[in-house]
Amino acid sequence: MIPSVKGTRDLLPPETRVWNRVEAAAREVFALYGFDEIRTPVLESTELFVRSVGEATDIVHKEMYTFTDRGDRSVTLRPENTAGVARAYVEHSLAQAGRPWKLYYIGPQFRYERPQKGRYREFRQIGAEVLGPADAATDAEVLVMLFDFLGRLGFTGLSASLNSVGTEEERPEFIQALRAWFSSKVDLLDADDRRRLEENPLRVLDSKNPRLAEWLADPSLPRMVDHLSRQSSDHHTELLRLLDAARIPYRMDPLLVRGLDYYTRTVFEVTASGLGAQNALLGGGRYDRLVSDLGGPKTPGIGFAIGEDRLVDVLPEAFRESALKSAGSVGVIPVGGPDVAEAFELAAELRREGLAATLFSGIRSIGNALKVAEKSGLRFAVLVGANETARGVVLVKDLATRSQEEVPRGDLVAALRPRL
Ligand code: AMP
């Protein structure tokens, strides 16, 4: 046997039904907010992620699937999708349309992480981006849409964690304050944290080093929100006002900086009750420089990425169960060779009426066919035999109660429909 590559996994039925329902709900809700789907390549130039995600981030530093292709180009399996969307926006001059672009994507992402529960090397994200508008109402609406989506999946106790990481112009002052604050505590930092403080100081704030936890909880730790310009501060206040008006629960988290370099101003995560504060379902933020950094016109943007693997893992039971149920499916079992054509016709008729019909042909005994239908999670089996066909009836077997009855061929749909 050749096993799947470490950190990757197969999604098998019936679990794929759950994934499909989650994705269908995302498509439905996002469309209600005027979002359209974008599909970008899984493979991008390595340079795209170095330039956008940032050289000093964990992703670019140690997690990318990068290789040289046969044409001697350095290519990378995308570790996230925002960079690809921004690249496509620039490449196709979407700015020229003179309107905001609201785009969503659903697809696999790749990071060479240590595989552990819930973390994979191939994982899937559902995300969305708004390119164009810079106002706080756009940030608020993205959060409203997320709460709408997660609410439809049945999540309760949803709450957003929020912070503002300011703009590139505002950050140096904060970083200076942060470095000064940590200067007396350098001994406590491990090598990774020290490198972060040097290369990417904001990332010290979301260090998982337990020895740092106490320092990070210290009320005297500098906060980015105290170093914002008037404009960024107004943006932030307006966002909070709109979230209050929309009754979106949130809490300010001065340690929230997110792992990617391109964020400006608003950053957020969303958690649901029972998942714990460290267990965000998604993360996102505003990135007003990304498009111009990639050679496009100055275009503000904001977006989020939901970890779909995690989302499916913690999905409320009611949604999961309703997705798994294959109610509505009828097994059609031809009894004996000559009747296959008749069974074919009957299955086609059920499908024309919108009832899902699964044909079980080529199974030697009726008993086995019934067992197979039952194991497939079907509720009813319809037996089509020569004897019954001659009399214009079919045999309907309820696989749950094991009762069976003869139903006139012409009444079958009417008999089944209300019971599915
Ligand atoms: P990020 O792109 O790092 O902001 O992550 C966004 C979401 O993707 C997170 O909330 C995670 O749920 C999910 N995610 C990131 N990395 C992985 C991974 N290696 N395996 C599974 N999910 C992941």
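The figures that follow rest on heavy atoms only: side chains count, while hydrogens, waters and symmetry mates do not. The structure displayed is predicted, hence computed values, not measured ones. When a ligand or atom number is given, it counts from 1 through the structure's own listing order.
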**OP:** Apply salt bridge (Lys or Arg N to Asp or Glu O under 4.0 Å) to E353 and list each qualifying residue two or more places apart in sequence or on a separate chain.
**Re:**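 Scan of E353 (salt bridge (Lys or Arg N to Asp or Glu O under 4.0 Å), adjacent residues dropped) gives R417.
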
Original post:
Are F35 and Y104 close enough that their ring centres sit under 6.0 Å apart?
Top reply: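 Between Y104 and F35, which both carry aromatic rings, the centre distance is not below 6.0 Å.
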
Subject >> Under 4.0 Å from ligand 1 - residues by heavy atom, chain and number >> reply: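 Under the 4.0 Å cut-off, ligand 1 touches R111, E113, G118, R119, Y120, F123, Q125, R258, A280, L281, L282, A305, G307.
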
Original post:
Within a reach of under 6.0 Å around NZ of K371, are more than 12 heavy atoms found that belong to other residues, nucleotides or ligands?
Top reply: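 No, NZ of K371 has 12 or fewer neighbouring heavy atoms, counting only those of other groups under 6.0 Å.
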
Original post:
Is E55 atom CD crowded by more than 12 heavy atoms from other residues, nucleotides or ligands, each under 6.0 Å away?
Top reply: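 At most 12 heavy atoms, drawn from other residues, nucleotides or ligands, come within 6.0 Å of this atom.
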
Original post:
Does D288 pair with R286 as a salt bridge, N-O distance under 4.0 Å?
Top reply: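 Answer for the salt bridge query: yes.
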
Original post:
Are any non-hydrogen side-chain atoms of W101 and I38 less than 4.5 angstrom apart?
Top reply: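 Side chain of W101 against side chain of I38, heavy atoms only: no contact under 4.5 Å found.
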
